[in-house]
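Have a look at the structure below before the remarks.
As the structure lists them, so they are numbered: ligands from 1, and atoms in each ligand from 1.
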Amino acid sequence: MKSKASAPGKVILFGEHFVVYGVKAILCAINKRVTVSAEKIKEEKISIKSNIGDLLLEPNKPISEINSSLKPFYYLANKILQTQNQDIGIKINVESDIPMGVGLGSSSACCVAGAAAISKLFAEPSKEEILELAIEAEKTIFQNTSGADCTVCTYGGIMEYDKKNGFTEIKSEPSFHLVIVNSNVEHSTESVVAGVRRFKEENEGEFSKLCNYESKLVKDVSKLLKENKIKELGQKVIQNQEYLETIGISNEKLREIIRIGDKVSFGAKITGAGGGGCIFALTDELNLEHTISQFKNRNYKYFAAKIDFKGLDTF
Ligand code: MEV
């Protein structure tokens, strides 16, 4: 028996990092996907094949002993085999068109699609159950996750998210376009988030002020999204980037790309953890080609993203 699931990557439009401390963020899923297939096998092994490498291990190994970025898949397969009390193995295959390690949710999409494909070998879990399992798996590589990324990869669309209350779908379909540009600087979400924690500990007053500013900004953005006011949204993008600069997750390479984005679009900012990774430029239909050409002419890796409204898909 075989099962398959796919989940989209994501962009954090507003509120990354502050969301870890309880502030609301606004995210959307994008039209790049991870597809995971899972199969029961007779041999008591967990076998994972992917375009970033393979992993073949016996079940029941302590997760702390596994030094591989495929660890979340091992965690999921092992946990599900244990729960089912089955003396069999699981073979997993991962295919992805989400660029890895650059803030576009590739590991969250892997956790969501992995949780769905593996658990569907034994049961018919709900999206809520899959999300819970996916967040557990993500914690094996990033303990302090806010859960925002796995949530948007599960449900798709555009949403507000906060750690306490979970997500609320934003029902309007905004007409903005996103041009995503990759700085080609890989980052570790865990270490960038740890850096922000240090900033917070050393600057409690300033960080608390920034959390309040970000909360206010997200409130304004929710309204602007409903009214589809793209130009004004661009101003909020620029403002949000200033907050991200203050908490120290930017660098010269990112600023160079953002400067181009700010000139040519309504506004550009880091998306995700920062320290490297991607930025997005917010634009509209009329200006899309021109925005793209500015990055293309300078040989940046870029793509125009669409919002994915499907989220997790199983088949
Ligand atoms: C990473 O994509 C987003 C962060 O806000 C961390 C998190 O929300 O878990 C930096």
Whether Thr140 side chain and Glu136 backbone form a donor-acceptor pair below 3.5 Å |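 No; judged by distance alone, with no hydrogens or angles, the pair does not exist.
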
Which salt bridge (charged side-chain N to carboxylate O under 4.0 Å, His left out) pairs, counting each pair once, include a residue from residues 204-216, with sequence neighbours left out?
->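 Applying salt bridge (charged side-chain N to carboxylate O under 4.0 Å, His left out) to every pair that reaches into residues 204-216, excluding sequence neighbours, yields Lys200-Glu204, Lys216-Asp220.
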
Under 3.5 Å, which donor-acceptor pairs link side chains of residues 52-65 to any protein atom two or more places apart or in another chain?
{"unit_1": "Asn60", "atom_1": "OD1", "unit_2": "Gln82", "atom_2": "NE2", "d": "2.9"}

Report, one line per pair, each donor and acceptor closer than 3.5 Å where one atom sits in a side chain of residues 272-280; sequence neighbours left out.
none

Could you name the protein residues that come within less than 4.0 Å of ligand 1, counting only heavy atoms, and order them by chain and residue number?
->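 Within 4.0 Å of ligand 1, the protein residues are Lys10, Ile12, Glu16, His17, Val19, Val20, Phe142, Thr145, Ser146, Asp149, Val193, Gly272, Ala273.
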
Cationic N near anionic O, under 4.0 Å, Lys223 to Glu227 |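 Yes, charged N to carboxylate O under 4.0 Å.
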
Are Glu252 and Arg255 ion-paired here, with the side-chain N under 4.0 Å from a carboxylate O?
->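 Here Glu252 pairs with Arg255 in a salt bridge, since their nearest N and O are under 4.0 Å apart.
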
